[in-house]
Amino acid sequence: MRVVRLDDEDDFDGWRTAARALAAERVPADQVLWQIGDAPTDLFAATAGTALPNRSLTVPKDFLGLAASVCLHRDPQRFSLLYALLLRVLVQPHILQDRADRRISVLRRMQQAVGRDVHKMHAFVRFRELTEGEQSRFVAWFEPDHHILRATAGFFVNRFATMHWSILTPEGSLHWDTRSLTEGPPAEKTDAPGDDPVEAIWKSYYASTFNPARVNSRAMLKEMPKKYWHGLPEAALIPSLVAGASQREREMIARLPTTPRRMGRRPDPS
Amino acid sequence: MAQLDIAQKLSILADAAKYDASCSSSGGKKRSSVGGKGIGSTSGGSGICHAYTPDGRCISLLKILLTNSCIFDCHYCINRRSSNVRRARFTAQEVVALTLDFYRRNYIEGLFLSSGIIHSPDYTMEQILEVARSLREDHDFRGYIHLKTIPDADPALVTRAGQHADRVSINVELPTRDGLHALAPEKSETRIENAMGFMQTAIADGADARRRYRYAPVFAPAGQSTQMIVGADTANDRDIVARAGRLYGQFELRRIYYSAFSPIPDASAALPPRRPPLMREHRLYQSDWLMRFYAFTPDEVGDAADPVTGMLPLDIDPKLAWALKFREQFPVDVNRAPKELLLRVPGLGPRAVQAIVQARRWRRLRLEDVGRLTVSLKKLRPFLITDDWRPISLTDRTDLRQLVAPQPQQLDLFAG
């Protein structure tokens, strides 16, 4: 049994280097154990961590994009599934094009889940202004489903380059000071500011742009599931906005339970 | 009257703008605030919906009017001159500050600004322009800006609007000339279409100049769109689809939005007493997708409508309606049929079709393979042949519609 120690939950580069070396030797997927950091290993594995030579392999272009996304998925099997796919791709390069293949469709769905999570994080992060002397810092608390914090940094840097901002998550935090990005430790919700005066104005916009003549809670819930509501100041208004609508809509809002939100403890719905 | 504060003005002017269905922040040019003095970025591709209201519609842009006062008296419009609605007006700087405050907190992708016509079309256009100018020039704002342009405004002003905006739009308002004449007597189809034609030329010239000169100004890189109100006049779905087809062809529009005429407070007596079902608007959007992504012509979409009333069915989507009418085209063999025919199969979308075409280069597909590419096989089965499946005379059964149509109770959600 070979053991590969990866630096982090989202260590795509580490996976890539190791996978390349292992695949060059055609080490079967069931002979490799993928580990993150210093997590305890089982007995066999403890002895087998070896330095890996740097090898190059040729894979279809598409493969790296798929692997880079799937590496961010919260499924503990992701590194192993990807390595098994790599071995298969080396023999059947066209298999990636076959989305109807059972295993490919599983990995493509994982890729989609990560993509959706990234998109929803871009959409639903809400900054609150924190005054630090002369300076303002915009701070957000967010709980992604997958290990996407670092992967979303570029989006926020491009968008808010001239602002000081921080994004806090249960897995780590990011801080931008208009020049450089630094990483910080995992945070708690209470580390972020509890309010921002602009939220009252935003809520008044949210309430006014809603058209009560066209209530359609199902469409809203599909795109903005309840699990995100706790981070969205405007979501607090939803029950009262819907209250004026039909009984059926009120029931739909009341019925759906809030999804418990802790990383890694929830079974993967896909 | 007491002075209104920002939140009160926002309530009035967001409420006044919400009957415009367009909210997209898609298309255009990729931008970033890195290296600039301000904030803002655009993806150049699809936009982001930052929130959804309980009507299921997305909030992507801060969508407001500069003022809801108007010299026009269009019957379907909540802001018409004769309406008793409360009036408000933002200054340009108030809109700029609000946009930036919302943007910094990641509530929005940018601004969608429109206005009632006050004093004159030129004066109104200048006010709208000042907001966009200040955002771009004073604040180096690089987020998305959609400006509604005024059909009768000076072309020089409209040109400047296009240089600041990602997208511009002019609403055709009603699907037919007669409808416009009856409900918006001060507007003219000819003037609206001339303005759209002017915009089309300006967009094309702008894109052409950018190809030749790197530093040529960008002109509305996300193109132009328009909106039609559905159900306020007597136009049927076939009329609407035909008009949409002409508009796409003539003016190279990126999008046509449909807005089911919504009961408005203080409604005019010239309007129909009942609103159209929201499902009608939904079916029109589906017909729009058929033309944009499924290679249906406007006439083919029209074939899916009822021959007498010209209306698309409400209980099934127009693609299924077309397939039931032309069932001699089916079943289609997934392992052989050309892409165009696969796109006609109810339940197969462009992505699934693309995946089928790629996968079958290497092997023959079975029903379960198709199942992995689509949401449900139930609707597909009668129309498909796979290696292990052939619908035996199923397409001739007269109860086929009942077999594939969704259960009627699902309709209640959308019913008027």
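This is a predicted model, so every value here is computed, not measured. Chain letters run A, B, ... following the sequence lines, proteins first, then strands; residues in each count from 1.
For a residue to count as touching a neighbouring chain, one of its non-hydrogen atoms must lie under 4.5 Å from one of that chain's; by this rule A:R102 touches chain B with backbone and side chain alike. With a 4.5 Å cut-off on non-hydrogen atoms, B:R31 does not touch chain A at all. Heavy atoms closer than 4.5 Å to chain B are found in both the backbone and the side chain of A:Q97. Residue contact with chain A, scored on non-hydrogen atoms closer than 4.5 Å, involves the backbone and the side chain of B:L62 alike. In this structure, the portion of A:F138 lying under 4.5 Å from any heavy atom of chain B is its side chain and not its backbone. With a threshold of 4.5 angstrom between heavy atoms, A:L241 approaches chain B through side-chain atoms but not through N, CA, C or O. Contacts between A:Q92 and chain B at a heavy-atom distance below 4.5 Å are absent for every atom of the residue. With a threshold of 4.5 angstrom between heavy atoms, B:L98 approaches chain A through side-chain atoms but not through N, CA, C or O.
Counting heavy-atom pairs under 4.5 Å between each of B:A14, B:G36, B:G38 and chain A puts B:G38 at the top. Ranked by heavy-atom pairs under 4.5 Å with chain B, the first of A:F127, A:W165, A:F124, A:F210 is A:F210. For the options A:R128, A:K120, A:E199, heavy-atom pairs under 4.5 Å to chain B are most numerous at A:E199.
Residues B:S11 and A:S208 come closest through the heavy atom pair CA-OG, 3.2 Å. Contact detail for B:P54 and A:Y206: the closest heavy-atom pair is CD-OH, 3.7 Å. The two atoms that bring B:I48 and A:A123 nearest to each other are CG2-CB, 3.5 Å, heavy atoms only. In plain terms, the two heavy atoms of A:R126 and B:A51 that are nearest each other are NH2-CB, 3.9 Å. Here the shortest heavy-atom pairing between B:I108 and A:R159 reads O-NH1, 4.2 Å. A pairwise comparison of heavy atoms in A:P212 and B:K18 identifies CD-NZ, 4.1 Å as the closest pair.
Each of B:D55, B:T53, B:D15 was evaluated against A:T209; a single residue qualifies, B:T53, per the side chain to side chain contact (heavy atoms under 4.5 Å, CB included) test.
No donor-acceptor pair under 3.5 Å is formed between the side chain of A:S105 and the backbone N or O of B:R372. A donor-acceptor pair under 3.5 Å is formed between the side chain of B:N106 and the backbone N or O of A:H122. Not one N or O on the side chain of A:Y205 forms a donor-acceptor pair closer than 3.5 Å with the backbone of B:I64.
Atom CD of A:E132 has more than 12 neighbouring heavy atoms from other residues, nucleotides or ligands inside a 6.0 Å radius. With a 6.0 Å radius and a threshold of 12 heavy atoms from other residues, nucleotides or ligands, A:R103 has its CZ atom at or below the threshold.
Taking the charged nitrogens against the carboxylate oxygens, B:R57 and A:E223 have no contact shorter than 4.0 Å, which rules out a salt bridge.
The distance from atom CG of B:L365 to atom CG of A:D98, rounded to the nearest 0.5 Å, is 7.0 Å. Atom CZ of B:R105 sits about 12.0 Å away from atom CH2 of A:W202, to the nearest 0.5 Å. B:S33 OG to A:M163 CE: the interatomic distance, rounded to the nearest 0.5 Å, is 9.0 Å.
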Discussion item. Quick one, B:S32 with A:N158, criterion side-chain hydrogen bond (donor to acceptor under 3.5 Å, both in side chains). Give me CA distance, side-chain angles, the key distance, then yes/no.
Written reply: CA-CA 5 Å; B:S32 149; A:N158 281 334; 3.2 Å; yes

Worksheet item: Can you check side-chain contact (heavy atoms from CB on, under 4.5 Å) on A:F160 and B:Y103, steps first, answer last?
Response: CA-CA 9 Å; A:F160 303 113; B:Y103 200 91; 3.9 Å; yes

Fill in: Audit row: B:E281, A:R214, side-chain contact (heavy atoms from CB on, under 4.5 Å) steps and yes/no
CA-CA 11 Å; B:E281 178 193 286; A:R214 332 178 24 124; 2.7 Å; yes

Worksheet item: Does the side-chain contact (heavy atoms from CB on, under 4.5 Å) test come out yes or no for B:L10 and A:I201, once each step is laid out?
Response: CA-CA 8 Å; B:L10 183 58; A:I201 302 173; 3.5 Å; yes

Practice prompt. Determine, stepwise, if the pair B:Y52 / A:E234 fulfils side-chain contact (heavy atoms from CB on, under 4.5 Å).
Written response: CA-CA 10 Å; B:Y52 292 81; A:E234 66 274 20; over 6 Å; no

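Inter-residue side-chain proximity for A:N211 and B:Y19 is flagged as met; some heavy-atom pair is nearer than 4.5 Å. The closest side-chain heavy-atom distance from B:R351 to A:R99 is below 4.5 Å.
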